[in-house]
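Each remark here refers to the structure printed beneath this line.
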Amino acid sequence: MSPASDDAPAPTAADVVAGLDRATKVRLLSGSDRFSLEAVPAFGIEGIDVADGPHGLRHQPRGGEHLGLHGSVPATCFPTAAALGSSWDADLLEEVGVALGEEAAEQGVAVVLGPGINIKRHPAGGRCFEYLSEDPVLSGKLAAAMIRGVQSQGIGTSLKHYAVNNHEGHRFIVDAVVDERTLRELYLTGFEIAVKESAPWTVMCSYNLVNGTYASEHHHLLQEVLRDTWGFEGLVMTDWGAANDRVAGIRAGLDLEMPGSGGAWDAAVLAAIESGELDEADVDRCAERVVALLQRARRDRPTSDPDAHHALGRRAAAAGSVLLANDGVLPLAADGLHRVAVVGAFAEHPRFQGAGSSQVNPTRVDKLIDEVRTRVAPDTEVVYAPAYDPSTGATTDDLLDAALAAAAGADVVVFAGGLPAPMESEGFDRATLDLPEGQIAVIEALAALPAPVVVVLSNGGAVHLPFSDRVGAVLECWLGGQAGAGGAVDVLFGDAEPGGRLAESIPEHVAQLPADRNFPGQPRQTQYREGPFVGYRFHDTAGVPARFAFGHELSYTAFQW
């Protein structure tokens, strides 16, 4: 069948699928390569590209590798979800979504693969930086805002990872065993809110099993809950490589296998139709949703404004920065400073984003040391000492001595620390919440000096903070994106209010958490025995105070009652 003429109405997705042979319909249900969907040339419908992008596009030209930055097009790296979640600002996330949509349109990306809203069941989860909160209502509301922003530009989103994907270890094979109350109240509520309030174009299913069934084959989750109960009308795709049994997946309501498998499953699907094991109507429904996505994709390539997006990233970084502790040293008065010591290798080698599939090739990157030098008065001396290795966090006697020498006589010491990239990433979970021993040694040594110490943290997940009452201030900046250092300096000097409040609890010690007993669990099964008592639900119910509670924030405003 040929495409419609110019004056004829465009065929519906159902019309298109009705005009295709069985093999072509089946072929549509798998990507054409790693980040592309099949075209329908008989109807003049071109294929589309999708790209990773919870906080910035990682768009690789066709044929590029899956992981790493090799060949990816430069894009604005906005603050990660850990930082955006701490803003509690739906309007801001919608703004960031608009910017992501603009850049996607410019790069010819039809669907941005995000946002991610899995609950932070345990702070050591390797992908905590990519998720918004320990609370499903906050996660759902903020995700809905970002989705509305992206999709306002005619670009689709993929709400992920559906469902119960709360740690990285053995994620391809692990069975998440969770009771129905906990599943519905905690782990599905955020998805429900986002689906109902923003209608994402696609939802991405997770790798793991849920109560014995792979998410990609889970009829209850994909059909009965997502579509029948919540009213989702879009397309369901797999996470990359999450298809287990394509026949079972199609029967359950899985529309699209990603990435493309070169037709490896097509013969099995066709044979299942032929034998009656699979109803062809199920294939038609899935194919119609794929065609509908192809038809609604934006095709023009407008230009975006990288400078404006960098400025938005800086504002968002400040809005998501949480002032955990402050004895009055902040905000810094630039005109009254004679000597500022900036200590910590992250000031020169910033840690601003997570590792794995979300890694962005940034358009530019701010450095804390440069931003401090720009912000202070011309006659202020700014000295710098790396203090530790940026890749490991380890220090040496020489590095520590140089840091103490830099701090000597300073009016204030700004310590830039956090988690080095090898300590947290997609693909594995952290073994500890501790900062590197070398960084702790430097902080404790600095805290013994007369000058007040301001600790500026860059990390994707919560860390132990045993020193928080022995330093002047602690500013949690999370992974603040390419403009994160500028946003941090705006907060340090009071040009911006520390706008964040914690979207996740920071415990005194991880061993207090009931989820810790079963995290990450066994290679093939993790039992959610803590039930709904995650984060503040645990701290409030058990009467075990967090070191810094969910919702904690300090500001520069004076309050009177």
Side-chain angles (χ1 to χ4, degrees), residues 13 28-40 45-62 64 66 72-73 75-76 78 81 93-94 96-117 130 143-162 191 194-195 198-206 216 222 226 232-243 254-260 286-302 304 357-358 360:
L28 283 175
L29 308 189
S30 181
S32 62
D33 63 19
R34 295 208 70 86
F35 290 101
S36 303
L37 275 62
E38 294 279 357
V40 190
I45 302 174
E46 298 177 355
I48 59 173
D49 288 351
V50 302
D52 287 308
H55 55 266
L57 293 180
R58 193 179 65 89
H59 178 217
Q60 297 176 338
R62 297 190 181 193
H66 174 43
S72 62
V73 181
T76 306
F78 289 98
L93 268 79
E94 190 161 345
V96 172
V98 169
L100 286 170
E102 291 173 349
E103 294 194 15
E106 181 178 35
Q107 294 189 21
V109 170
V111 178
V112 175
L113 302 176
I117 62 166
E130 212 174 315
M146 177 173 279
I147 290 167
R148 288 193 298 268
V150 175
Q151 295 187 171
S152 73
Q153 303 306 299
I155 302 298
T157 56
S158 194
L159 183 66
K160 62 184 188 181
H161 303 88
Y162 185 72
F191 287 96
V195 165
S198 65
W201 288 12
T202 78
V203 166
M204 182 188 296
C205 71
S206 55
S216 60
L222 299 185
L226 180 61
F232 177 67
E233 297 180 346
L235 173 145
V236 174
M237 68 173 72
T238 65
D239 202 341
W240 266 232
L254 173 68
D255 302 310
L256 180 65
E257 172 199 20
M258 290 301 291
C286 294
E288 286 173 17
R289 288 190 280 258
V290 174
V291 171
L293 179 62
L294 297 175
Q295 288 177 320
R296 76 192 304 186
R298 182 174 180 173
R299 306 289 180 177
D300 62 321
R301 302 284 288 270
S304 65
S357 62
S358 70
V360 178

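In this text the structure is predicted, and so the values were computed from the model without any measurement.
Residues passing the side chain to side chain donor-acceptor pair (under 3.5 Å) test with R298, sequence neighbours excluded: D300. By the side chain to side chain contact (heavy atoms under 4.5 Å, CB included) test, Q295 is found to be paired with A13, V16, I45, V291, residues two or more places apart in sequence or in another chain being considered. Contacts of F191 classified as ring-ring contact (aromatic ring centres under 6.0 Å, His included), with partners at least two apart in sequence or in another chain: Y162. E288 meets the side chain to side chain donor-acceptor pair (under 3.5 Å) test with no other residue; sequence neighbours excluded. For S30, the side chain to side chain contact (heavy atoms under 4.5 Å, CB included) partners are R27, E257, S261, not counting sequence neighbours. Not counting sequence neighbours, the partners of A143 by the side chain to side chain contact (heavy atoms under 4.5 Å, CB included) test are P115, I117, L132, L159, A194. For A75, the side chain to side chain contact (heavy atoms under 4.5 Å, CB included) criterion is met by L57, E103, Q107, V360, not counting sequence neighbours. Take E94 and apply the salt bridge (Lys or Arg N to Asp or Glu O under 4.0 Å) test, not counting sequence neighbours, and it matches R148. Listed by chain and number, the residues in a side chain to side chain donor-acceptor pair (under 3.5 Å) with E106 are S304 (sequence neighbours excluded). Residues satisfying the salt bridge (Lys or Arg N to Asp or Glu O under 4.0 Å) criterion with D239, sequence neighbours excluded, are absent altogether. Evaluation of the side chain to side chain donor-acceptor pair (under 3.5 Å) rule for T157 yields Q151 as partners, not counting sequence neighbours.
Between T202 and L293 the shortest side-chain heavy-atom distance falls below 4.5 Å. L256 has its side chain out of reach of T238: every pair of non-hydrogen atoms, C-beta onward, lies at least 4.5 Å apart. Looking only at side-chain heavy atoms (C-beta outward), V111 and I155 stay at 4.5 Å or farther from each other. Contact annotation: the side chain of L113 approaches that of M237 to within less than 4.5 Å [non-hydrogen atoms, C-beta and beyond].
Ring-centre distance between W240 and F35: below the 6.0 Å cut-off.
Considering all non-hydrogen atoms of both residues, K160 and P54 come closest at NZ-CG, 3.8 Å. The minimum heavy-atom distance linking L235 with R289 is given by the pair CD1-O, 3.7 Å. For the pair A297 and I48, the tightest heavy-atom approach, listed with the atom from each and the gap, is CB-CG2, 3.6 Å. In terms of heavy-atom proximity, M258 sits nearest to L37 at SD-CD1, 4.2 Å. Closest approach of L28 to E38, counting heavy atoms only: CD2-CB, 3.9 Å. In terms of heavy atoms, W201 sits closest to G156 at CE3-CA, 3.1 Å.
Judged by distance alone, with hydrogens and angles left aside, the side-chain atoms of D255 form no donor-acceptor pair with the main-chain N or O of V290 at under 3.5 Å. A donor-acceptor distance shorter than 3.5 angstrom exists from the side chain of R299 to the backbone of E46, with no hydrogens or angles considered. Side chain of S152 to main chain of G149: a donor-acceptor pair is present (N/O by atom type, distance under 3.5 Å, no hydrogens or angles). Of the possible polar contacts, one joining the S216 side chain to the A242 backbone as a donor-acceptor pair under 3.5 Å is found. With hydrogens and angles disregarded, a donor-acceptor distance shorter than 3.5 Å links the side chain of R58 to the backbone of S357.
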Side chain to side chain contact (heavy atoms under 4.5 Å, CB included) for L254 and C205? Distances and angles first, verdict last. CA-CA 9 Å; L254 173 68; C205 71; 4.1 Å; yes
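Between the side chains of S36 and D49, at least one donor-acceptor pair of N or O atoms lies under 3.5 Å.
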